[in-house]
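Reviewing the structure listed below.
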Amino acid sequence: ILGGYEAKPHLKPYMASLQLDGQHICGGFLIAKQWVLSAAHCTEETDGKMFQVLLGAHSLTEPEPHKRLYRVRAQIPHPGSNIHNNKDDLLLLQLEEEAELNAHVQVLPVQREDRDVAPDTVCEVAGWGTINHSGRRPDKLYQLERPVLSRDVCNHRTRHDHTITEKMMCTDSRRKDTCKGDSGGPLVCNGVAEGVVTAGSRVCGNYKKPAIYTRIAPYAAWIDGVIAAGDG
Ligand SMILES: NC(=O)c1cc2c(NC(=O)[C@@]34C[C@@H]5C[C@@H](C[C@@](N)(C5)C3)C4)cccc2[nH]1
């Protein structure tokens, strides 16, 4: 998170850190007791290894009450996701067991009505991604408020030049922006997850390249189908 600030501990109890060998790779968030939503591109450099999911954390390293690392039973990328673009950039992770819910571990409701969030709506994004242009990685969770940018502005040829589909949304990226390692985290508007930070590498903090999120509502049926099948 560039240009943001340290989150108040445990006020975002849905936040997850997707880790490999104890290292934070991507964000994610709890959408059901046994399910975390993140971004498909996050599996790009894992060469087949399974993530572990850290829940209930503010600090990535310090002991904290209710902080717990979960093994993952299954990782399900959206079938339409691919390495060439940001399309369908969603990943569902089934935890080995149901997460124990408490003050520091809670599910975040996702938007199911497929209607664009109004431009200029102020939403918030959080993560353990880099916090400066030198790539400094924070130990604590950071957050940021950002206004939604209209798709027309985001699709301008000097911005993302008509690559933003109706299943994506943008926020202003002038100075304050998501960055490396924030991918997979939720864009929360009025207490509901509206988007997932895309995991394509993009320049951070440049107003000419707004932040891109995968909208969740268009994928509600896919998410429900995977969870229903996975819960057996
Ligand atoms: N979303 C953004 O704003 C944003 C992402 C991002 C980035 N790259 C990543 O964060 C990942 C995401 C996953 C896991 C890891 C390897 C990778 N290929 C796939 C790329 C790191 C690098 C530089 C600036 C960036 N900006």
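We're numbering straight along the sequence, starting at 1. One-based numbering, in listed order, for ligands and for the atoms of each. Computed from a prediction, not measured in an experiment: that's the story for all the values here. Basis for what follows: all heavy atoms, side chains included, without hydrogens, waters or symmetry-related copies.
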Could you tell me whether K67 and E62 make a salt bridge, using a distance below 4.0 angstrom between a side-chain N and a carboxylate O?
no
Considering only heavy atoms, does A39 approach ligand 1 within less than 4.0 Å through its side chain, its backbone, both, or neither?
neither
Proximal ligand 1 atoms for I25, defined as those under 4.0 Å from one of its heavy atoms
14 (C)
heavy-atom search around atom 1 (N) of ligand 1 in the protein gives T198 O, 2.6 Å
Of the protein's non-hydrogen atoms, which lies at the shortest distance from atom 11 (C) of ligand 1, and what is that distance?
A199 O, 4.0 Å
Where on V197 is there a heavy atom closer than 4.0 Å to ligand 1, on the side chain, on the backbone, on both, or on neither?
side chain
the protein heavy atom lying closest to atom 21 (C) of ligand 1 turns out to be K180 NZ, 3.8 Å
G200 heavy atom under 4.0 Å from ligand 1:
yes
Residue pair V110 / F29, side-chain heavy-atom distance below 4.5 Å:
yes
Atoms of ligand 1 less than 4.0 Å from T178 heavy atoms?
2 (C), 3 (O)
For S183, the ligand 1 atoms with a heavy-atom partner under 4.0 Å come out as 1 (N), 5 (C), 9 (C), 10 (O), 12 (C)
Whichever hydrophobic residues join L93 through chains of side-chain contacts under 4.5 Å:
L18, L20, I25, L30, V36, M50, F51, V53, L55, Y70, V72, L91, L95, L101, V105, V107
E100 bridged to K33 by N-O distance under 4.0 Å:
no
Using a strict cut-off of 4.0 Å, indicate which atoms of ligand 1 neighbour a heavy atom of E45.
16 (C), 18 (N)
At what distance is the nearest protein heavy atom to atom 25 (C) of ligand 1, and which residue and atom is it?
R202 O, 3.2 Å
Between the side chain of D177 and the main-chain N/O of C204, is any donor-acceptor distance below 3.5 Å?
no
Tell me which part of A211 gets within contact of ligand 1: side chain, backbone, both or neither, using heavy atoms under 4.0 Å.
neither
Are any of the N or O atoms of G181 closer than 3.5 Å to those of ligand 1?
yes
Quick check against the 3.5 Å criterion: does D89 have a side-chain atom that pairs as donor or acceptor with the backbone of T198?
no
Where is the nearest protein heavy atom to atom 17 (C) of ligand 1: which residue, which atom, and how far?
E44 OE1, 3.9 Å
So that I can tick it off, tell me whether R115 and E166 are bridged by a salt bridge, with the cut-off set at under 4.0 angstrom between side-chain N and carboxylate O.
no
So, regarding S201 and ligand 1 (criterion: nitrogen or oxygen to nitrogen or oxygen, under 3.5 Å), is there a contact or not?
yes
Around atom 19 (C) of ligand 1, find the nearest protein heavy atom and jot down its residue, atom name and distance.
H41 O, 3.1 Å
Looking at side-chain heavy atoms only, is the closest gap between R175 and Y207 below 4.5 Å?
no
Specify the closest pair of heavy atoms between Y219 and K167, including all atoms of both residues, with the distance to one decimal.
OH-CD, 3.2 Å
Are D116 and R215 close enough for a salt bridge, meaning some N to O gap below 4.0 Å?
yes
